[in-house]
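Computed from a prediction, not measured in an experiment: that's the story for all the values here.
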Amino acid sequence: MKEARFSTKSIWAGEKEQLAFGATQVPVVHSVSFGYDDMDEWYEVAVGRKDGHIYGRNTNPTVQAFEDKIRILEGAESATSFSTGMAAISNTLGTLLFPGDRVVSIKDTYGGTNKIFTEFLPKQQVEVVLCETGDHEALEEEISKGCKVLYLESPTNPTVKVTDIKRMAIAGKAVGATVVVDNTFATPVNQNPLELGADLVIHSATKFLGGHADALGGAVCGRKSLVEAIYHYREINGATLDPMAAYLLLRGMKTLKLRVDQQNKNAAEIADYLKSFDMVEAVYYPGLPEHPHHDIAKTQMKGYGGMLSFAVKGGVDTVRNLLPELKYANRAANLGSVETVVGPSRTTSHVECTPEERAAMGIPEGLVRYSAGIEDIEDLKEDLSQAFKKLQTYAKN
């Protein structure tokens, strides 16, 4: 029998082994501890020589089902999970980097990631080099000087810039670097960094994987030896995924391809539609032919994602007046949900940064991050139209 296709995997993968009592859905196992009458069996499980669970901070059946599903969807040898996406990022970097090491990355990563690079790692005597996103020559030059980790995010949050993962992975491997890619925006529906040469893939499962804005979580997938080291760091530091959150993420992932396919379509139409408004200065979406990294995205992505951003004339004042007029959009610090979500970077992705830091990353204060939901596209377009018309009325008055 042929290997199952993506939608089938998203529904069935990783679940059968955790079913019990004839249930067709993975149970939420809230037990903190798992008991053994046989002391030798308990020891074999405890040291990892036999499958099983001993304590909820380490492993859990519901959590394992989530880890197995994302592992299979990303085509990875192994996967482990975390309480949040930032826990996945910080635990991964904490596992891989030591004083005296060097990490190369890009300037406009997610705000929390950027803070790790600019604030926390330097305090640990880790050298951090941040290059202009999209300047592949500068990245290659810095990588060639040697680095322990090459950390990429593609597409980026919130300017949806794209990095040539395959090209950068070749450069990273040439100097023995571990290549890490944050695949949150793309999801395994649209992009598979491991196939492009990455060693590890990171997800904020809170976003598209869960898809319903009701569960926090993170995941790292990749080579077994690396994932095992990251798991060990996490089990000791304690950023464990909650079983109920794991269940909600599992449930959300069953419709991952259906949702992301629709979000791809909606985002593409909205990006093109926004260009028709005089008050919009720029639209950022890798699916647009004029996007500076469109050709790279076309090569390494199957779809361009549900995320876009746009800059408006008048900056913050325009954003302040525009967003409350939208009827079919949550104004919130989230993305990837079935509902459309909007917000400026100053209150969402880069709230931790100063205006000057955002400007240095190419993020204007008048930038709006737009996470397309799965609503009817005509409703979303009409909603934008009426909101911009009200802005024009305000301007006349």
Side-chain angles (χ1 to χ4, degrees), residues 1-19 23-26 61-81 154-155 162 165-166 169 181-212 215 217-224 227 246-269 286-287 296-307 335-338 371-375 377:
M1 187 173 178
K2 292 182 179 179
E3 182 181 358
R5 294 165 179 82
F6 192 95
S7 289
T8 305
K9 288 180 181 178
S10 68
I11 294 169
W12 293 93
E15 299 201 7
K16 185 176 180 181
E17 294 78 8
Q18 308 305 332
L19 299 178
T24 61
Q25 304 301 312
V26 173
T62 315
V63 173
Q64 184 176 333
F66 164 73
E67 292 171 345
D68 286 343
K69 190 180 290 291
I70 187 59
R71 170 182 61 79
I72 291 167
L73 293 183
E74 281 289 9
E77 287 183 353
S78 186
T80 192
S81 60
S154 186
V162 175
I165 297 171
K166 187 174 183 179
V181 178
D182 184 333
N183 201 36
T184 298
F185 267 27
T187 82
V189 176
N190 290 324
Q191 181 173 267
N192 300 106
L194 297 178
E195 293 181 1
L196 297 168
D199 297 299
L200 293 169
V201 176
I202 290 180
H203 286 279
S204 173
T206 311
K207 310 305 190 296
F208 287 99
L209 294 186
H212 292 79
V220 173
C221 313
R223 195 163 74 241
K224 187 176 181 180
V227 173
Y247 168 79
L248 291 170
L249 295 172
L250 276 168
R251 186 175 66 173
M253 288 169 71
K254 290 177 183 287
T255 58
L256 179 62
K257 191 168 192 305
L258 287 172
R259 289 185 285 105
V260 171
D261 281 350
Q262 185 62 42
Q263 287 166 312
N264 287 345
K265 293 176 183 177
N266 282 358
E269 283 208 41
I296 298 172
K298 188 165 58 174
T299 300
Q300 69 187 25
M301 300 180 74
K302 305 178 189 76
Y304 299 113
M307 289 298 308
L335 60 93
S337 180
V338 290
S371 173
I374 63 171
E375 300 94 343
I377 186 60

Item checked: side chain to side chain contact (heavy atoms under 4.5 Å, CB included) evaluation trace for Leu209 with Leu256 -> CA-CA 6 Å; Leu209 294 186; Leu256 179 62; 3.9 Å; yes

Note to self: As a quick check of understanding, evaluate side chain to side chain contact (heavy atoms under 4.5 Å, CB included) for Lys9 and Leu73, giving each step before the final call.
What the structure shows: CA-CA 7 Å; Lys9 288 180 181 178; Leu73 293 183; 3.8 Å; yes

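- In terms of heavy-atom proximity, Ala205 sits nearest to Leu249 at O-CD2, 3.4 Å.
- Note that the NZ atom of Lys16 and the OG1 atom of Thr24 stand 13.5 Å from one another [nearest 0.5 Å].
- Side-chain atoms of His203 and Pro188, non-hydrogen and from C-beta on, do get closer than 4.5 Å to each other.
- Summarising the geometry of Gln263 relative to Gly373, their closest heavy-atom pair is CG-O, 3.7 Å, with the distance given to 0.1 Å.
- Across all non-hydrogen atoms, the minimal contact from Ala13 to Ile72 is CB-CD1, 3.7 Å.
- Counting heavy atoms from C-beta on, the side chains of Arg223 and Leu200 never come closer than 4.5 Å.
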Next item on the list: Before giving the answer on side chain to side chain contact (heavy atoms under 4.5 Å, CB included), spell out for Lys302 and Asn192 the whole-Å C-alpha distance, their side-chain angles and the decisive distance to 0.1 Å.
Entry: CA-CA 9 Å; Lys302 305 178 189 76; Asn192 300 106; 2.5 Å; yes

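- Lys224 NZ: 12 or fewer foreign heavy atoms inside a 6.0 Å radius.
- The salt bridge (Lys or Arg N to Asp or Glu O under 4.0 Å) test applied to Asp68 returns Arg71, not counting sequence neighbours.
- When every heavy atom of Val162 is checked against every heavy atom of Pro286, the shortest pair comes out as CG2-CB, 3.9 Å.
- A donor-acceptor contact under 3.5 angstrom links the side chains of Gln191 and Asn183, judged on distance only.
- The structure places CG of Leu196 at 10.0 Å from OG1 of Thr299, a figure rounded to the nearest 0.5 Å.
- In this structure, the side chains of Met307 and Ser371 come closer than 4.5 Å at one or more pairs of heavy atoms.
- Using a 4.5 Å heavy-atom cutoff, the side chains of Ile70 and Ser81 are not in contact.
- Atom CG of Asp261 is separated from atom OG of Ser7 by 7.0 Å, given to the nearest 0.5 angstrom.
- In this structure, Arg259 and Val189 have side chains that are not in contact, with every pair of non-hydrogen atoms separated by 4.5 Å or more.
- Of the inter-residue distances, the one linking Leu194 atom CG with Ile165 atom CD1 reads 9.5 Å to the nearest 0.5 angstrom.
- Considering all non-hydrogen atoms of both residues, Phe208 and Leu335 come closest at CE1-CD1, 3.7 Å.
- Rounding to the nearest 0.5 Å places NZ of Lys257 at 10.5 Å from OG1 of Thr8.
- Of all heavy-atom pairs between Val227 and Ser78, the closest is CG1-OG, 3.4 Å.
- At a threshold of 4.5 Å between non-hydrogen side-chain atoms, the residues Ser204 and Asp182 do not count as touching.
- When side chains are defined from C-beta on, Lys254 counts as touching Gln25, because their heavy atoms get closer than 4.5 Å.
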Note to self: For a side chain to side chain contact (heavy atoms under 4.5 Å, CB included) check, start with the C-alpha distance between Lys166 and Gln300, then their side-chain angles and the critical distance, and finish with the verdict.
What the structure shows: CA-CA 8 Å; Lys166 187 174 183 179; Gln300 69 187 25; 5.6 Å; no

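- Counting only heavy atoms from C-beta outward, the side chains of Leu250 and Lys69 approach each other to under 4.5 Å.
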